[in-house]
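Before any comments, here is the structure.
Remember, it's 1-based here, ligands and their atoms both numbered in the order they're listed. Because the structure is predicted, anything quoted here is derived from the model rather than measured.
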Amino acid sequence: MRNVRVGAAQLGPIQRAESRASVVKRMLALLEEAARRGCTLVVYPELALTTFFPRWHVEERAEFDVWFETAMPGPETAALFQRAAALGVAISFGYAEKTPAGEHFNTSILTDRKGAIIGKYRKIHLPGHVEFDPARTHQHLEKRYFLPGDLGFPVFHAQDGLIGMCICNDRRWPETYRVMGLQGVEMVILGFNTPSVNSQKAAEGLEERMFHHRLSLQAGAYQNATWVVAVAKAGVEDGHHLMGGTLICDPEGHIVAELPGEDDGLLVHDCDLDATRFGKETIFDFKRHRRIEHYGRITAQVGVETPPQSA
Ligand code: CDV
């Protein structure tokens with residue numbers, strides 16, 4: 001048995017005016033609770049340090065650079081790394097990254113239990129749009145503010161196992177899990193900020209959005225025989241509602257733990273990484289069963305190409 005006691009550290013809303021220092025204090029409180037409850041890994045949401053700023057349209061790039069970190073750890077986040085190291089707890093969280101070359105990414109990192117960063121991931125599937133769209137109930141400008149990630153979907157040796165990261169919208173794409181599955185991933189960790197309203201289909205409703213959230217995570221877990229830990233930033237943020245749904249799926253695709261509510265909260269679960277073995281060695285033994293000679297389209301084309309009609 002290779003047990004990882006994971007703490008899924010949901011954050012409630014972060015208002016636009018809330019400082020990084022205040023958010024880090026909230027993250028520290030969850031870290032302390034996680035350590036008390038014996039967690040060795042704590043996972044926080046996407047863009048954990050700020051409000052979900054891609055909902056705001058600004059013309060000037062300089063205006064939105066205030067949401068980005070140029071160093072990790074930085075002045076406001078150093079305390080989190082230090083306390084995690086002192087407690088012997090690994091952490092993972094999302095943040096907006098600005099590189100020395102001036103590139104902007106939606107990023108997450110993973111540390112070891114000594115507070116050293118051992119893994120970085122940059123969000124690949126960026127939802128939304130580039131320009132202000134008056135037809136939407138709210139804006140979702142990730143394509144304006146971020147570049148698509150350039151690091152692929154790496155998997156890292158951590159917690160005596162293999163851990164990979166993705167971010168929010170990535171969870172809806174089977175390719176995300178399969179690329180990590182092909183590296184033997186045993187736990188996929190991710191954070192999300194999901195508006196409870198579909199900006200292009202207001203009638204969709206929260207129940208349906210939650211259904212698609214769970215469906216994606218459960219399918220990814222089952223089809224790749226991996227644990228999946230998904231962590232929300234939730235609640236009403238700057239007048240916009242983000243859904244909860246922090247949960248953990250086992251390698252058979254079952255939801256084994258789910259956090260109620262939309263406030264700061266910790267969901268703790270023991271994840272035996274050896275529980276991934278059965279699926280990986282039987283029905284999803286990729287080496288025996290995959291037929292890559294038929295998968296060429298997956299990487300050869302992006303959009304749909306319908307077959308020609310017969311005469
Ligand atoms: N932050 C996100 O990536 N949110 C998307 C919304 C826009 C659909 C999501 O997939 O949850």
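The cluster map of Ile, Leu, Val, Met, Phe, Trp and Tyr, joined by side-chain heavy atoms under 4.5 Å apart, puts Ile118 and Leu151 in different clusters. Residues Leu273 and Leu217 are members of one and the same hydrophobic cluster, defined by side-chain heavy-atom contacts under 4.5 angstrom among Ile, Leu, Val, Met, Phe, Trp and Tyr.
With respect to the salt-bridge test (charged N to carboxylate O, under 4.0 angstrom), the residues Glu208 and Lys201 do not qualify.
Ring orientation note: the planes of Phe93 and Tyr44 are nearly perpendicular, at an angle over 60° on the 30°/60° scale.
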Open item on the list: Test side chain to side chain donor-acceptor pair (under 3.5 Å) on Arg171 and His125; report intermediate values, then the result.
Closed with: CA-CA 9 Å; Arg171 76 195 188 285; His125 299 102; over 6 Å; no

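The immediate protein surroundings of ligand 1, defined as residues with any heavy atom under 4.0 Å of it, consist of Glu46, Phe52, Lys123, Pro127, His140, Glu142, Cys168, Asn169, Arg171, Arg172, Asn193, Thr194.
Just one of Val6, Val4, Ile163 meets the side-chain contact (heavy atoms from CB on, under 4.5 Å) condition when paired with Val229; it is Val6.
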